[in-house]
Amino acid sequence: MISSASVPARIFRVGIVGCGAISGNHLKAFGALDNVRIVGVCDIDLGRARATAESWGVPHAVNTVAELLDLGLDIISVCTPHPTHEEVVLQAAAAGVHVLCEKPIATRLDAAERMVAACEEAGVQLGVLFQRRFWPAAQRIRSAIDDGTLGKVIMAQCSVMLHRAPEYYSRDAWRGTWENDGGGVLMTQAIHQIDLLQWYLGDVAEVYGKVNTYRHGDYIEVEDSATAVITFASGAMATLEASTAVSPNLGIQLRVTGETGASASLTEFPEGSDGRLDLWAVDEKIIVDPVHPEGVEPNVDLSTINSQLIPHHTSQVRDFVRALETGAEPAITGRDALKSLRILLAVYESSRTGLPVRFARIKVPAKVAG
């Protein structure tokens with residue numbers, strides 16, 4: 001008789017599509033798990049795929065998604081440019097393979113909806129990378145909402161004030177174009193904080209926003225700066241400012257105030273460092289931490305930002321694999337990612353039309369309604 005202890009755990013076979021900068025985070029995150037084997041990498045540049053496979057000890061390098069799927073995958077990890085996500089996800093769903101996709105889920109809402117529908121119809125999980133939700137500080141704010149310390153959030157402020165040099169946009173031909181990047185600071189950077197806003201405040205009812213390009217207009221088509229006022233279905237309100245035209249980099253702050261009157265603020269400075277609570281204003285006491293400590297280098301290169309996020313990539317990858325083991329949903333699903341995409345696309349639409357974009361009715365507090 002074979003004891004349960006001698007039965008090996010399931011090993012998940014993983015393939016990674018796209019061997020650009022962010023693929024290193026996925027390779028390290030999946031490689032950190034005992035029940036995962038990375039069996040192949042894929043890139044349209046076969047030479048780059050082969051170099052990646054050799055560097056990471058991956059047995060197979062291919063240059064089509066079909067070839068990668070033929071390796072008998074359980075999970076495909078998508079690290080390709082934004083508009084190409086849909087094609088990869090649809091192929092994976094048709095093959096019955098689970099998908100973990102880099103943000104944004106897509107650059108168009110209809111594409112994202114097709115991706116979600118295809119995975120649901122195929123019975124496979126679709127997760128999307130928003131690793132900043134896994135910061136302990138971000139989790140503490142979520143817990144304070146749920147346990148009543150903050151209670152329902154009624155107000156929020158979010159500031160995403162970042163530095164990007166011209167070389168950031170020139171390193172890859174697809175960066176900074178509407179066709180291949182899908183947007184600027186909102187689509188590529190601030191989408192993380194938009195995800196946190198909707199995670200903390202719930203469904204959005206109305207968005208009014210403006211975008212502009214102040215500093216990088218000679219070499220990008222998309223916005224480098226944006227502002228928005230977001231009203232949620234609960235009646236809660238938030239403001240958002242975002243830019244890559246800032247020098248030095250000021251980092252990211254997100255402050256929420258709950259119905260109890262208590263407030264908490266999450267800061268990421270320098271960019272890529274672990275989020276920390278710079279303000280905890282609860283029970284009539286205020287605990288603060290400097291937002292911009294002296295002696296910290298503000299302008300951090302992209303490789304450093306990505307490498308510092310690896311532990312949180314690993315946390316989300318671990319959550320995704322555990323969901324497949326248990327039959328549960330991953331912490332961040334394709335439907336969750338649809339919400340942040342819908343919000344940022346509404347900022348673009350509002351900026352084009354000069355009008356607010358309305359999604360749903362707003363619950364008006366009784367005292368305001370009269």
Side-chain angles (χ1 to χ4, degrees), residues 11-31 33 36-129 172-175 177 179-182 187 313 316-317 320-321 323-324 330 332-334 337-338 341:
I11 300 298
F12 292 90
R13 293 170 61 85
V14 174
I16 294 176
V17 184
C19 296
I22 200 62
S23 67
N25 287 43
H26 290 241
L27 285 156
K28 285 191 176 180
F30 278 109
L33 305 185
V36 164
R37 296 291 179 270
I38 303 172
V39 297
V41 295
C42 172
D43 197 280
I44 57 172
D45 180 342
L46 184 57
R48 183 159 70 166
R50 286 173 173 165
T52 300
E54 183 177 353
S55 295
W56 292 88
V58 176
H60 299 283
V62 298
N63 71 341
T64 70
V65 175
E67 290 175 287
L68 191 65
L69 291 168
D70 282 344
L71 298 175
L73 304 183
D74 299 298
I75 302 168
I76 197 164
S77 194
V78 184
C79 304
T80 59
H82 306 161
T84 65
H85 291 175
E86 180 186 7
E87 181 181 354
V88 178
V89 171
L90 295 186
Q91 287 186 67
V97 174
H98 302 287
V99 184
L100 187 60
C101 183
E102 264 298 328
K103 60 77 194 168
I105 183 173
T107 58
R108 293 173 54 92
L109 196 59
D110 57 348
E113 288 171 340
R114 286 191 294 269
M115 293 161 67
V116 170
C119 289
E120 289 179 349
E121 290 169 7
V124 299
Q125 292 288 3
L126 172 59
V128 180
L129 260 297
D172 296 300
W174 56 271
R175 290 191 186 276
T177 64
E179 181 178 0
N180 295 315
D181 211 354
M187 186 71 74
H313 265 85
Q316 185 167 357
V317 166
F320 187 78
V321 173
L324 301 187
I332 305 169
T333 67
L338 270 173
L341 180 64

Report summary line: On a heavy-atom basis, the closest approach of Thr107 and Gly182 is CG2-CA, 3.6 Å
**Report entry** Within-4.5 Å side-chain heavy-atom neighbours: Val36 and Val317
**Finding:** no
Query raised in the report: Is any side-chain heavy atom of Asp181 less than 4.5 Å from a side-chain heavy atom of Met187?
Result: no
Report task. Scan residues 12-30 for pairs that pass salt bridge (charged side-chain N to carboxylate O under 4.0 Å, His left out), counting only residues two or more places apart or in two chains. Result -> none
**Report entry** Heavy atoms of other groups near Arg114 CZ, more than 12 under 6.0 Å
**Finding:** yes
Query - Pairs meeting criterion salt bridge (charged side-chain N to carboxylate O under 4.0 Å, His left out) with involvement of residues 58-81, two or more places apart - result: Arg10-Asp74
Query raised in the report: Of all residues at least two apart in sequence or in a different chain, which pass the side-chain hydrogen bond (donor to acceptor under 3.5 Å, both in side chains) check with Asp172?
Result: Arg175
Report task. Using the salt bridge (charged side-chain N to carboxylate O under 4.0 Å, His left out) rule, collect all pairs that involve residues 18-27, keeping only residues at least two apart or in two chains. Result -> none
Query raised in the report: Between Ile75 and Phe30, is any pair of side-chain heavy atoms under 4.5 Å apart?
Result: yes
Query raised in the report: Roughly how far, to the nearest 0.5 Å, is the NE2 atom of His26 from the CG atom of Leu129?
Result: 4.5 Å
Query raised in the report: How far does CG of Leu338 sit from CD1 of Ile105, to the nearest 0.5 angstrom?
Result: 5.0 Å
Requested in this report: Return the set of residues passing side-chain hydrogen bond (donor to acceptor under 3.5 Å, both in side chains) with His313 (not counting sequence neighbours), or none when no residue passes.
Outcome: Asn25, Glu102
Report task. For a side-chain contact (heavy atoms from CB on, under 4.5 Å) with His98, tell me which candidate from Leu324, Ile76, Val321 qualifies. Result -> Leu324
Query raised in the report: At their closest point, which heavy atom of Val58 faces which heavy atom of Val39, and how far apart are they?
Result: CG1-C, 3.7 Å
Query raised in the report: His85 side chain to Val78 main-chain N or O, any donor-acceptor pair under 3.5 Å?
Result: no
Query raised in the report: What residues form a salt bridge (Lys or Arg N to Asp or Glu O under 4.0 Å) with Arg48, not counting sequence neighbours?
Result: Asp43
Query - Euclidean distance, Cys101 SG relative to Ile332 CD1, rounded to 0.5 Å - result: 12.5 Å
Distance-only check: which donor-acceptor pairs under 3.5 Å involve side-chain atoms of residues 117-128, not counting sequence neighbours?
residue	atom	partner	partner atom	Å
Glu120	OE1	Arg335	NH2	3.2
Glu120	OE2	Arg335	NE	2.8
Gln125	NE2	Ala328	O	3.1

Query raised in the report: Listed by chain and number, what are the side-chain hydrogen bond (donor to acceptor under 3.5 Å, both in side chains) partners of Arg37, not counting sequence neighbours?
Result: none
Query raised in the report: Excluding sequence neighbours, so at least two apart, what forms ring-ring contact (aromatic ring centres under 6.0 Å, His included) with His60?
Result: none
Requested in this report: Could you pull out the closest heavy-atom pair between Pro330 and Phe320, with the gap in Å?
Outcome: CB-CD1, 3.8 Å
Report task. Answer yes or no: is there a side-chain heavy-atom contact under 4.5 Å between Gln91 and Glu87? Result -> yes
Requested in this report: Mind checking side-chain hydrogen bond (donor to acceptor under 3.5 Å, both in side chains) for Thr52 and listing every partner two or more places apart, or none if nothing turns up?
Outcome: none
Query - Nearest atoms (heavy-atom pairs only) where Ala111 meets Ala106 - result: CB-CB, 4.1 Å
Query raised in the report: Is the number of heavy atoms from other residues, nucleotides or ligands within 6.0 Å of CD (Glu113) greater than 12?
Result: yes
Query - For the student: nearest non-hydrogen atoms of Cys79 and Gly18, plus distance - result: CB-O, 3.7 Å
Query raised in the report: Between CG of Leu73 and CD1 of Ile38, what distance do you get to the nearest 0.5 Å?
Result: 11.5 Å
Report summary line: In terms of heavy-atom contacts, Cys42 and Leu68 come closest through CB-CD2, 3.9 Å
Query raised in the report: What residues, two or more places apart in sequence or in another chain, satisfy ring-ring contact (aromatic ring centres under 6.0 Å, His included) together with Trp174?
Result: His82
Requested in this report: State, yes or no, whether a side-chain contact exists between Leu341 and Arg108 at a heavy-atom distance under 4.5 Å.
Outcome: no
**Report entry** From Thr80 atom OG1 to Ile16 atom CD1, the distance as rounded to the nearest 0.5 Å
**Finding:** 12.5 Å
Query raised in the report: Who passes side chain to side chain contact (heavy atoms under 4.5 Å, CB included) against Ile44, sequence neighbours left out?
Result: none
